Amino acid sequence: MLLLFASASVFEAKNLSSLSTLANGDIWWHLRTGIWMLQNHAVPHSGLFSQSAALPWTASSWGYDLLVAFAFRMLDLWSIPILLMGFKTAFAVATFLLAGGLRGRFWPAVALSAAAQYILANVQPSPTYCSILFFAVELLLLNENRRTGSVRPLFWLPPLFLLWANLDIQFVYGILFLVLFVITFCLQHLGPRPGVGQLQQKWTAVSAKKMGIAATLCGIATFVTPYSYHLYGVFFASVTSTATRYFPDFHAMGFRQPQDYVLMLLTMGAFLALGLRRSRDLFQIALMIGCTMLSFHAQRDAWFATLAAIVVIGEALRDDAIRDTGGVADADHKRARNRQVLIAAGLAVAILMLAAALGIPRSHEALMAKVAQTYPVAACNYIREHHRENELPLPLFNPYEWGGFLTWYLPEYPVAIDGRADLYSDDFVIQYSKAMNADVPYQSYPAMANAGTLLLQRNSLMGQALSTLPAFRVAYSDRVAVVLTTP
């Protein structure tokens, strides 16, 4: 179990993927936004560090941005891999608890948690990780309510949603699943059928009034943010945007990597568990259907089906354990196991600290060298040096993947586009995608045609094509980036 909690984090300390992968591009604009908030003691309402700065923008993850900025102030670039190590460890613990590791079969819970970590191994430090952890805690509390018949766990949900709403806009999914929970409770409460089972009998014994109060408090808590109810509008605008089809993370699962097949098997196992138990649990059935639809519709939402499947399979394993012991639990055995878990968690934290100390380079220069493997550090240094001599004029054109990094490392050049999808209109994103894929001439895309300086990936289609045109001069080039300007 110690290896379960710490292995993914140790792997991050060794490889530092959070610093060198393009999939982590958004962490940089979150960092820059957090630094701006620390300097100005306010939350942004317009598109900072972008050529679209005049447009309104909502920093829906402002709490996460501040967290990253505080960590950066204390730990410099160490903060990014350490944040990811902490997220991965917390996720290992959460999935182990969701699988019933303290209340049933220990080793199956370890196996389920390991499978979840493998499926979501590529998730980078971002507000999404906050949503993953908070959704896991929400499911733990809802399961505890269903298991014990006590309404007390539900009153931990309002403070949970208060934090969640200020860290990531995907708290709306948590509210929607809470509404689903209340609806299925009401349906089950109206007339539980014979053979529903002890868990559902306890659940339907909960006071509907108290459950309604808890759910209402959760909704109110989500309005306690600098942007109040406007976050809901931003959320629904983003999920209904027609431009999302141009971003790989929003594409349906392609089954081109092993994790996709593991998720499919895990999901099938959860539905099989429901079928073998002849479950009439409306919440678990609706939870699995909703989470499966979300996960297989968009790759970035794979965590929904992962967590839901672990909950369903974990409960089935717990029921089997209760039947095997005749419903009698060995209190001494439980206490011994809980002590083992606490000891393992403590050792895992010690291993994380040791891995961070030994695996992460101490110098800022060594960390920047890791960043420079995929981000245009040297090219940005060149642009900054020659910007003072007016050799590389504004505006700048940049690829989407580098926009977030440029807001942090080269803020004096407002970016053409970055990962803040709600800042740029659908038409703008569609035009950008068509231009970068050479579906239309670059002259028809104003952001590129009117740019004074272009910073492109060295091996990209557009970078190679424009470098050969007489309309552009190659001012700088290395193995990562090429800087172009008009002669």
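These numbers were taken from a predicted model, which means no experiment stands behind them.
Donor-acceptor pairing under 3.5 Å is recorded for the side chains of Tyr409 and Asn381. A donor-acceptor pair shorter than 3.5 Å can be found between the side chains of Ser241 and Asp426. Side-chain contact check for Thr128 and Gln170: at least one donor-acceptor pair (N or O, by modelled atom type) lies under 3.5 Å. With hydrogens and angles left out, the side-chain atoms of Ser433 and Tyr400 include no donor and acceptor closer than 3.5 Å. Side-chain contact of Trp164 with Ser131: a donor-acceptor pair under 3.5 Å is present, judged by distance alone. Side-chain contact, Ser126 with Asp26: no donor N or O sits under 3.5 Å from an acceptor N or O.
Judged by distance alone, the side chain of Ser79 and the main-chain N or O of Leu75 form no donor-acceptor pair under 3.5 Å. Distance alone, capped at 3.5 Å, is enough to place a donor-acceptor pair between the Ser238 side chain and the Phe235 backbone. No donor-acceptor distance shorter than 3.5 angstrom exists from the side chain of Asp76 to the backbone of Trp78, with no hydrogens or angles considered.
No option in Phe171, Trp303, Phe91 other than Trp303 meets the ring-ring contact (aromatic ring centres under 6.0 Å, His included) test with Phe135.
Around the CZ atom of Arg245, the shell of radius 6.0 Å holds more than 12 heavy atoms that belong to other residues, nucleotides or ligands. More than 12 non-hydrogen atoms from other residues, nucleotides or ligands lie less than 6.0 angstrom from NE2 of His251.
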What's the verdict on side-chain contact (heavy atoms from CB on, under 4.5 Å) for Trp402 and Trp28, showing C-alpha distance, side-chain angles and the deciding distance?
CA-CA 9 Å; Trp402 286 348; Trp28 304 107; over 6 Å; no

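Sorted by first and then second residue, the pairs that involve residues 256-273 and meet side-chain hydrogen bond (donor to acceptor under 3.5 Å, both in side chains), not counting sequence neighbours, are Gln257-Asp260.
Residues Ala302 and Met253 come closest through the heavy atom pair CB-CE, 4.3 Å.
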